[in-house]
Structure formats: C-alpha cells, structure tokens
A.B. asks: 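Can you keep this structure in mind? I'll have questions shortly.
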Amino acid sequence: MPLIELKDVRKVYNRNLPNEVVALRNINIEIAAGAMVCLQGASGSGKSTLLSIIGCIFPPTSGRAAIAGRPLSRLPDRFMTIHRRQNIGFIFQQFNILPDLTVLENVGLPLMPLGVPPAERREKAMSLLEMLEMGHRADFPARQISGGQLQRAAIARALINDPPIILADEPTAHLDRELSLGFMKIMADLRQAGKTIILASHDHLITEHPAVERIIGIEDGRIHAA
Amino acid sequence: MSFAKQLNILDYALQGLWRRRLKTGGIVVIFSAVIFLAASFQFTIKALNNLVDQDLRATPEIVIQKMSAGRQESIPLNYIKKLKGIWGIRRVVPRIWGYYFDATTKANYTVIGLNYSKMPMGGLLDKALIKGSHLPGPGEALIGTGVKEVLRLPDKGAMLSLFRPDYSLKALKVSGVFMPSTDILTTDTILMNLPDSRDLFAIKPGLVTDLCVYVANPREVTTIARKIAARLPDTRVVPKSQIKETYREVFGWRGGFASICLLTAIAAFIIFAWDKASGMNPDEKREVAILKVIGWQTADILSLRFYEGFIVSSLSFLLGCTLAYAHVAFMGAGLFRPILTGWSVIQPRIMLRPALEFSDILLIFSLVVPPYMAATIVPAWRSAIIPPDAAVN
C-alpha cells in the first residue's frame, strides 16, 4: 500500500466566485514509503498546492487523498492538524523561522502543543541541531543567523516530531550552490534513514541529484510526466 | 498531558508579550491608569466612610432640632425637662451649631458652642487636640487646621475676631488646634463654650440650636428616638446612624458621579483594546500561520490569546490597584479629595487608611478584566482561524 495516494484530485480556489482558479486537475499519484520524489514545474504550475494537500494543510476540492493510510477529504480541521503533526515535517521556501525566537526555541515549537516539558524539548532540539552541525548557534536569535543556517534550523524543526514524510517547497531558492548541495546531502541521508522525501522545485541541482529517484512534472495543474 | 500543554502555551504567551514589550507595556500603562482611577475612587470612598465612622464615635447618639414651617429654629432649653422619664437617656446636653461666613476669605466656618463638662465623653475631646492645646474657657476658642491655615494663625495665643449679626466685633483667644487626623470633621470648625457661641450668634438666653442626647445602650437608640419624636412632635430627631448615612450618601453621590466618568474611560479603553487586538500586523499573522502549519491547533492559538489577554489585564489590575492603594494610603487621595470632600475654600487635610475588602477588589476586577477579555475574544478568534496555508504561500 503506497504511503501517499492521490486519485482524481482537483483543487479549486475561490470556488464559484468571479476570481475562481483551478489549481489542480485530476491528479493521480502514488508514492511509496522511503521514496525521494521531486515535483517539478514552473511558478504557478500547482506544485505548492499539491504539496499542501500532501502536507494535510488543506483537503482537495474533489478526489481522494490518502496520506499515511488516512483519507483526508472529510477529515475535520482538528484531526487534520493532528495528522499533520504526527506525519509531516515541512521545510518552506522562506524557512518560516520566527526571527525573534532563538534557533533552539524555533526547533522546539512543534513539541509545545504536545505538552513536552521544556527540558525534554531542549534536549531533543539540541540533539537535532548538533546532528545538523548547528549546535553552536542554538541560543542565537534566528534573525542573527545566515540563510543556510536558517534552513538547517528549519530542517531540525521539521524533524523534531520524527515524522515519516518530509516536504520541502523550493528549498534551495535562497541558497547558493554549495549550500544547496549540502541541503541535498542532508535529504539523501534522511532518505537513507527511512524518511519519505518530497521536494517541490524547478532547480536543476535538485532535479538532477542522484538521490532523487522520481520526478513528477506539473504544468497548469496537470501531471505531464510521471 | 493537557496541563503540561497549557503550561507550555502559557510560557509561550509570556515570551510573546516580552518580545512585544513596547506594545504590551503601552497597553498595560494605559489600562493600569484607568484601573488606578476606578480603584482610587472605590478605596477613597471606603476610607472616608471608615474615617467618618471612627470620628463620629464621640458624638451624641441623637440630636434634637426644633422645626417650624419645615425649617429649623432655636430650641428652648426647657425641652430638656420634657424628656425626663424616657428610660435609657443618659444625658441631654444643649449645643449651638451654626455657620459663619467670612467675607474676607470667602470661607464658611462651622461654629460649635458646647458645655464640655456636661458631655459624657467630653474628656475624649482632649485626645483630638494637638499638644499644648486645651479646651476653651470663656472668651477662648479651639480651631480646626483649615481655619488656622485660611486665617494664617499660630497654634495658640492668637486672637480670632468674628462679627456678631449687628457687625460688632467679638474677639476670642485661640486656645489650641484640632489634630489633623480629625480633619474630616473638624477642619473648618471653631469650638467655644456655650455662652460665647450664644453671644456670637445673638441667640436669646434659654435657647440653643439643638439638644444632644446620649443614651446608655446604643442598641436602644431607635426606640428612644421614636419616643422622643412622640413626646416632642415639633422637633426633628436625628440619630447618629442617620448622620453617618448622610455622609455616606454625600460620598456615594459624588463618587457615583465620578464613577460614571470613569466607566466611560473604561469603555473607551475597551474599544481601544478591541482596536489593538483586531489590527494584527503581517508578522503576527505569519506567526499564527507558522504555528498552525507545524501542528498548533486553533484551540491552542485561542488559549495563547486568552493567556495573553489574561496576563495583560491581570497585570494592569494588580498595578492599578497597588498604585490606587498607595495613592489613598500615602498621598491622602490627593487627586480626588477636592471632588469627594469639603466645600467652600476649606478642604479637610485627611489621613486616609484604605480598608481592602474582597468585595471591592472583586467589583473592580469584574469591571475591568472580564470586559477586556470579552473585547479581545473575537479578535483572538479571528487570529486563531488564520489558515495554515498563509505560511506556505
């Protein structure tokens, strides 16, 4: 049974309004556990929308989306959040790290609503930051660290709940070649550790990376090569 | 688990308030100022009532005044004989109580003429005088601190010149001054013996303005007052409780009027709080979206906003009440004294001891904290339902 299964998925924004936009049309994808997949397409092609549906941020307008064995279409918001918390780690294009918190506090944020006590939160976050060679920046305010370090902080935050699926939206858009290669190495290592990685990008450095086993092309909301 | 989660959210709320300390501080300062005003009024009125209770201890339980055509007039001393036989009356002491307007200073003084030796607790008067003063003998007078200051007199030995109704001068030697702690009742007082006050106001022999009745058992005051009223139908019988009630009503009316102004201020602040809470800046919206995308639920964001509101309003409440207490206890409620006490140009200089009562604290709390929480709950809800995809795009 695939870890991610989308069947006839359609997503329409501003439905029945004059500014209605069809972002995805009849998407059919199956992704097995432990795969490393790249969603490739130009800006506005629909790859971020597809990533959001896989990431349980919103359900599709129609069609069936089952993530980690659970159909999303009729899942209430509350359970969608819990499902996302347990199964998905997100890495954003602009990192979405809160600039006024320290790196350590940012990484530990997903554990707060789980009731994890501060000491345990700190310990978990610290071990991830050390794994990503960011331990020396743990107590720095996020606004004082570089773009590459911000991204590693974002990776640590995505991993803190030990989710089986890691999603990254244009993860190398703000990085130079060296940092981008470093990011892909971390992703490859995570895949080796059993995580399922889905990257949305049009960066050749990602699409041509040897660890990426499959590329799904998206254009105007449709899959054109799978 | 749930408790630990709430602790974590509370911790995050505290951190957030500290991060936005300028905005938080601004709200706390304004809110505290509003609470300070409301609490000061409440504490001041309570302290004034306590002070009146304390200062009225030595006053007669019942005062009898003669009425004619609905107005007060002098009462004949032979009315005392008519009270004989009423069980429970300890003593009846004649008194002259009048007002003297000084055109030079435009001040009204309260002139009291008494025969201290006949008062059951006349000795207590000594305790109300500053050191070196003594009860006035013939041709002498005791004055309140307000009179002393308005007329710029020394503590004793000065001469006080007052005009009789026929504009002839009556000179009195100042034998001393009342202690400032009794200012609420004595600040504008000139106390002298009965014959001197009769002379000053040109009241005929055998007449006084009122009769002071002291009773043996304070529990019987109402019964005795009723009996006096029955026996002297042309008089007004005023028990001490009624005098207290008059003071309470005066303070209550003035305080109530001021409270309306303060409630308006509180309402204005609540509108301000609503406006501040509604107008989330893009960074705050983004923060909520990020929290939601990494697994915080709508209920968690609502809890966060609730804690923020509760911390801000409780902190303001504590700060406002503490400042109000200090203002009343150590500064004699200087900001509101002109509104709540005194008249004419003489204001009592009072040392207030605010009595903190749970009901007062609860009243102030319920006037400010729940309205603030209610005003911020809808904006909090609007903030909590920001979709997580706002962080993605």
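Every chain is numbered from 1, with letters handed out A, B, ... down the list of sequences.
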A.B. asks: I need the residue from A/Met80, A/His83, A/Arg84 with the largest number of non-hydrogen atom pairs under 4.5 Å to chain B.
C.D. replies: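 Winner by heavy-atom pair count: A/Arg84.
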
A.B. asks: Measure the shortest side-chain to side-chain distance between A/Leu109 and B/Tyr12 over non-hydrogen atoms and say whether it is less than 4.5 angstrom.
C.D. replies: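 Sidechains of B/Tyr12 and A/Leu109: in contact.
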
A.B. asks: Examine whether an atom of A/Ile97 lies under 4.5 Å from a heavy atom of chain B, and if so say whether it belongs to the side chain, the backbone or both; otherwise answer neither.
C.D. replies: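 Backbone only.
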
A.B. asks: More than 12 foreign heavy atoms under 6.0 Å from CZ of B/Phe310: is that the case here?
C.D. replies: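 Check fails, neighbour count at 12 or below.
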
A.B. asks: In this structure, are over 12 heavy atoms from other groups packed under 6.0 Å from A/Arg191 atom CZ?
C.D. replies: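 Atom CZ in A/Arg191 is packed in, count exceeds 12.
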
A.B. asks: Under a 4.5 Å heavy-atom cut-off, does chain A meet the side chain of B/Leu7, its backbone, both or neither?
C.D. replies: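 B/Leu7 has no heavy atom closer than 4.5 Å to chain A.
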
A.B. asks: Hey, could you give me the CG/NZ distance between A/Leu114 and B/Lys5, rounded to the nearest 0.5 Å?
C.D. replies: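 Atom-to-atom, A/Leu114:CG and B/Lys5:NZ are 8.5 Å apart.
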
A.B. asks: Got a donor-acceptor contact below 3.5 angstrom from the B/Arg19 side chain to the A/Leu101 backbone?
C.D. replies: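 Flag not set: sc B/Arg19 to bb A/Leu101 has no pair under 3.5 Å.
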
A.B. asks: Counting only heavy atoms not in A/Leu17, do more than 12 fall under 6.0 Å of its CG?
C.D. replies: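 Atom CG in A/Leu17 is packed in, count exceeds 12.
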
A.B. asks: Please examine the side chains of B/Gln15 and A/Asp100, heavy atoms only from C-beta on, and report whether any two atoms are closer than 4.5 Å.
C.D. replies: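 No; the side chains remain at least 4.5 Å from each other.
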
A.B. asks: Quick one: of A/Thr49, A/Ile82, A/Leu98, who has the most non-hydrogen atom pairs under 4.5 Å with chain B?
C.D. replies: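 Ranked by contacts with chain B, first place is A/Leu98.
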
A.B. asks: Given that the side chain runs from C-beta out, which part of A/Leu111 has a heavy atom under 4.5 Å from chain B: side chain, backbone, both or neither?
C.D. replies: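 When you check distances to chain B, only backbone atoms of A/Leu111 fall under 4.5 Å.
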
A.B. asks: Flag yes if more than 12 heavy atoms outside A/Arg25 fall under 6.0 Å of its CZ atom; otherwise flag no.
C.D. replies: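 Check passes, neighbour count above 12.
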
A.B. asks: Quick check: does any side chain N or O of A/Arg157 sit under 3.5 Å from a backbone N or O of B/Ile294, one acting as donor and the other as acceptor?
C.D. replies: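 Not a single qualifying donor-acceptor pair exists.
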
A.B. asks: So for A/Arg78, is it side chain, backbone, both, or neither that comes closer than 4.5 Å to the heavy atoms of chain B?
C.D. replies: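 Contact with chain B: backbone and side chain both.
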
A.B. asks: Does a salt bridge link B/Asp11 with A/Arg121, judged by any charged N lying under 4.0 Å from a carboxylate O?
C.D. replies: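 Judged by the 4.0 Å cut-off on N to carboxylate O distance, B/Asp11 and A/Arg121 do form a salt bridge.
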
A.B. asks: Mark yes when over 12 heavy atoms from residues, nucleotides or ligands other than A/Arg15 sit less than 6.0 Å from its CZ; otherwise mark no.
C.D. replies: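 Count not over threshold, so no.
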
A.B. asks: Sub-3.5 Å donor-acceptor pair from the side chain of B/Trp296 to the main-chain atoms of A/Met112, do we have one?
C.D. replies: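 Checked: no pair found.
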
A.B. asks: Report which part of A/Glu105 has an atom under 4.5 Å of a heavy atom belonging to chain B: side chain, backbone, both, or neither.
C.D. replies: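 Only the side chain of A/Glu105 comes within 4.5 Å of chain B.
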
A.B. asks: Between A/Gly115 and B/Ala4, which heavy-atom pair has the shortest distance, and what is it?
C.D. replies: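 So the two residues come closest at O-CB, 3.3 Å.
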
A.B. asks: Report the residue from A/Pro118, A/Pro117, A/Pro113 that forms a side chain to side chain contact (heavy atoms under 4.5 Å, CB included) with B/Asn8.
C.D. replies: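 Among A/Pro118, A/Pro117, A/Pro113, the one that satisfies the side chain to side chain contact (heavy atoms under 4.5 Å, CB included) with B/Asn8 is A/Pro118.
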
A.B. asks: Going through the checks in order, is the side-chain contact (heavy atoms from CB on, under 4.5 Å) test met by B/Arg286 and A/Asn96?
C.D. replies: CA-CA 8 Å; B/Arg286 190 165 156 265; A/Asn96 279 340; 3.2 Å; yes

